[in-house]
Each structure stands twice: as structure tokens, then as C-alpha cells.
Amino acid sequence: MKIKVLFVCLGNICRSPMAEGLMISKIKARGIDHIDVESAGTSNYHIGEMPDNRMLETAAQNGIILESRARQFSMLDFEKFDYIIAMDKSNKADILKLARNDEERKKVRLMRDFDDKSDENDVPDPYFGGHKGFEYVFDILERSSENLLNSILENRT
Ligand code: 4NP
């Protein structure tokens, strides 16, 4: 049985595609084949779109090619995924509005719960900012995804 991880942000064109790309790259590098990773957005703003150019560039500068297309989070994702990782508190609240029971609610976590370098709760939304914001987000996602992966493998989450 595969372990299934879903990263969720608002637009599914900046933060969650980057988290997905980082996790896929880490899984490949470690030769792991029993974890599947996807991403989604709580909004319908960018359905079908590639990630934002600025996120694509930041990813590429770090050797990661992002290949996702934006899609909207749906109630069915609670059945498909074991871990649903929200980028900020507002994403988490929107996801939880669709949960039907405690089993579903328990799957939802904040990405920065896995950031061992900060007590901040949110991966900040870089969409309306400049390039620096994308690098800042990349660094948060890099260390949080590493810790999340270790945590999943050790069954600690
Ligand atoms: P994301 O960033 O949630 O990290 O994909 C955003 C992308 C688009 C918008 C907001 C945030 N938007 O308002 O269109």
C-alpha cells in the first residue's frame, strides 16, 4: 500500500507545487517508491495552469522541474490521501470545512509544524511579492519537507 501525501495552498501555483516538487525529488533521491505526492489549491482561481513563472524559476535554480497543473481540493481528497498538508492556517481552515469526521480531520496538518527552525505557523503567500519572497518560501519548504518525509517514514506524524 502506498502512502499518499497532498500539499494544499490557495492557488496551487506557488507554494504547494513547490512542496510537491521538493518531496518528489527527495523521494527519488532516497530511492523510495512507496510514497505518492500531489498538490491542490483550495480556490478555483488557476485550475489547469502551470506553476507561477517565479516559482518555476526558483525551483529550476535549485535543480527541480515543476510539472504540476493546478486543480482544486475536493472532499474526495480525504479518501485518497493519508496526509493533507496545508501551507497556512487559512488553507487549513478551508480544508477542514469540507471534512466529515475525525478520521478526515486528523489527516490535516500545517506544513510549518515540520519547520524545526521557526515557530511561525504559515508558509507566507509569495504571489503578490517579489523574487526574494519565492526564495524565502523555497527555504521554508526545503527544510519542512525534509522533516515531514522523515516523520512519515518513522510514522511519527
Ligand atoms: P499559492 O499562491 O496559494 O501559493 O499558489 C497564490 C496564487 C494565486 C493567488 C493567491 C495565492 N491568487 O489570488 O490568484
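Note that ligands are numbered from 1 as they come in the structure, with each ligand's atoms numbered from 1 the same way.
The shortest N or O to N or O distance between Pro126 and ligand 1 is not below 3.5 Å. Residue Phe128 places no N or O, backbone or side chain, under 3.5 Å from any N or O of ligand 1. Between Cys9 and ligand 1, not a single N/O pair is under 3.5 Å apart. The distance criterion of under 3.5 Å between nitrogen or oxygen atoms is met by Arg15 with respect to ligand 1.
The pair Glu79-Arg100 meets the salt-bridge criterion, since a charged nitrogen lies less than 4.0 angstrom from a carboxylate oxygen.
Using 4.0 Å as the threshold, His46 has a heavy atom nearer than that to some atom of ligand 1.
Ile24 and Ile84 fall into different hydrophobic clusters, defined by Ile, Leu, Val, Met, Phe, Trp and Tyr side-chain heavy atoms under 4.5 Å apart, directly or through other members.
Side-chain polar atoms of Asn147 and Asn150 form no donor-acceptor pair below 3.5 angstrom.
The distance between the ring centers of Phe78 and Phe73 falls below 6.0 angstrom.
Residue Asp77 forms a side-chain hydrogen bond (donor to acceptor under 3.5 Å, both in side chains) with just one option from Arg71, Gln72, Lys107, and that option is Arg71.
For atom 7 (C) of ligand 1, the nearest non-hydrogen atom from the set Phe7, Tyr127, Tyr45 belongs to Tyr127.
Both the sub-6.0 Å distance and the 45° axial angle are satisfied by Arg54 relative to the ring of Tyr127.
In this structure Lys132 satisfies the salt bridge (charged side-chain N to carboxylate O under 4.0 Å, His left out) test with no other residue, sequence neighbours excluded.
At a 4.0 Å heavy-atom cut-off, ligand 1 touches Asp125 through the side chain alone. When non-hydrogen atoms are compared, ligand 1 lies under 4.0 Å from the backbone of Asn12 (N, CA, C, O) but not from its side chain.
Taking a cut-off of under 4.0 Å to the non-hydrogen atoms of Cys14, the atoms of ligand 1 that pass are 1 (P), 2 (O), 4 (O), 5 (O).
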